[in-house]
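Single-structure report; data block below.
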Amino acid sequence: MNINRSQLRDNKCIEFKETVHLNPDFYKDSTLIAGINDLEVVAKCKEADDILIMKLSVKGIVSLISCYTLKPFDYDLTCSEEVYITDDKDKENDVIFYSNKSIINIDEIIYSLVYCSLPVAPVKKGEKLPKNGKDYTIRKEE
C-alpha cells in the first residue's frame, strides 16, 4: 500500500482504503504464520509540520500454526495503531520513522502491526493438548 505525501496538504485528514496482499517473503521463515489472506487496510493520514500522522486499521484472516498440533487454522485479526513518519532525519527516534520519499510503501509497517497483534502461542479454539503416546512425552509449562 502506498501513501502519497503530496496529497496531504492544508492539514486535512485523508483516508486511504485498500485491500492489501502482503508478500509471502515477509513471513516465509515464521514458525507462527502459515499464511496471510488479503487484508482490509484503512490509513487515515494527516501532515503536521514535517511529520506524517497515520492511523492504521487492519482487518483480515491470518492462518496461524497451532502450538498444540502444528496444524494451520484461521485467526480473525483486527488491529490498529498510530504511526509517525518524518522526512527530517534529525527527528527520527524510537517512535518516529524516517522516510524522505514522497510516496511511502507501508507494507512492512502493516506486516509489523499484524505480527505484533498475534498471540504468542496460538491455539485453535477448542483444541486440547495431545496426551502422551508411544515413544514421546508431552511436556507443558506449569
Assess whether side-chain contact (heavy atoms from CB on, under 4.5 Å) is satisfied between Phe16 and Gln7, documenting all intermediate values. CA-CA 11 Å; Phe16 297 89; Gln7 292 178 324; 3.0 Å; yes
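Listed by chain and number, the residues in a side-chain hydrogen bond (donor to acceptor under 3.5 Å, both in side chains) with Asp38 are His21 (sequence neighbours excluded). In terms of the ring-ring contact (aromatic ring centres under 6.0 Å, His included) criterion, residue partners of Phe26 (sequence neighbours excluded) are, by chain and number, Tyr111. With sequence neighbours excluded, the residues satisfying side chain to side chain contact (heavy atoms under 4.5 Å, CB included) with Val95 are Tyr84, Asn93. Contacts of Lys46 classified as salt bridge (Lys or Arg N to Asp or Glu O under 4.0 Å), with partners at least two apart in sequence or in another chain: none. Under the rule for a salt bridge (Lys or Arg N to Asp or Glu O under 4.0 Å), the partners of Lys91 that lie at least two apart in sequence or sit in another chain are Asp50. Residues that satisfy the side-chain hydrogen bond (donor to acceptor under 3.5 Å, both in side chains) test with Thr78, not counting sequence neighbours, are absent from this structure.
Linking ILVMFWY residues whenever their side-chain heavy atoms come closer than 4.5 Å, directly or via other members, places Ile3 and Ile14 in the same cluster. Cluster annotation: Val42 is not connected to Leu113 through the hydrophobic network of ILVMFWY side chains, with a link wherever side-chain heavy atoms come within less than 4.5 Å. Transitive grouping of hydrophobic side chains (ILVMFWY, heavy atoms separated by less than 4.5 Å) keeps Tyr68 and Ile65 in distinct clusters.
Residue pairs meeting the side chain to side chain donor-acceptor pair (under 3.5 Å) criterion with at least one partner in residues 24-36, sequence neighbours excluded, do not occur; the list is empty. Among residues at least two apart or in separate chains, there is no salt bridge (charged side-chain N to carboxylate O under 4.0 Å, His left out) pair with a member in residues 106-125. The stretch residues 62-79 participates, sequence neighbours left out, in no salt bridge (charged side-chain N to carboxylate O under 4.0 Å, His left out) pair at all.
The minimum heavy-atom distance between Arg5 and Ile85, with the atom names listed, is NH2-O, 3.7 Å. The heavy-atom pair separating Leu77 from Ser117 by the smallest distance is CD1-CB, 3.9 Å. Taking every heavy atom of both residues into account, Ile33 and Tyr115 meet most closely at CD1-CD1, 3.7 Å.
Under a 4.5 Å side-chain heavy-atom cut-off, the cluster of Ile, Leu, Val, Met, Phe, Trp and Tyr residues that includes Tyr98 has no other member. Think of Val120 as one node in a network of Ile, Leu, Val, Met, Phe, Trp and Tyr side chains linked at under 4.5 Å; it has no links at all.
When side chains are defined from C-beta on, Phe97 counts as touching Val83, because their heavy atoms get closer than 4.5 Å. For the pair Pro119 and Leu64, the minimum side-chain heavy-atom distance is below 4.5 Å. Ile110 places a side-chain heavy atom less than 4.5 Å from the side chain of Leu39. Considering only heavy atoms from C-beta on, Asn37 stays 4.5 Å or farther from Ser63 through its side chain.
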Below 3.5 Å, can you tabulate the donor-acceptor pairs from side chains in residues 51-60 to any protein atom, sequence neighbours excluded?
none

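With hydrogens and angles left out, the side-chain atoms of Thr69 and Glu127 include a donor and acceptor closer than 3.5 Å. With 3.5 Å as the limit, one finds a donor-acceptor pair spanning the side chains of Ser6 and Asn4.
Put simply, CD1 on Ile106 and SG on Cys45 are 6.5 Å apart, with the number rounded to the nearest 0.5 Å.
When each of Val20, Ile109, Thr19, Leu22 is checked for a side-chain contact (heavy atoms from CB on, under 4.5 Å) with Met1, only Val20 meets the rule.
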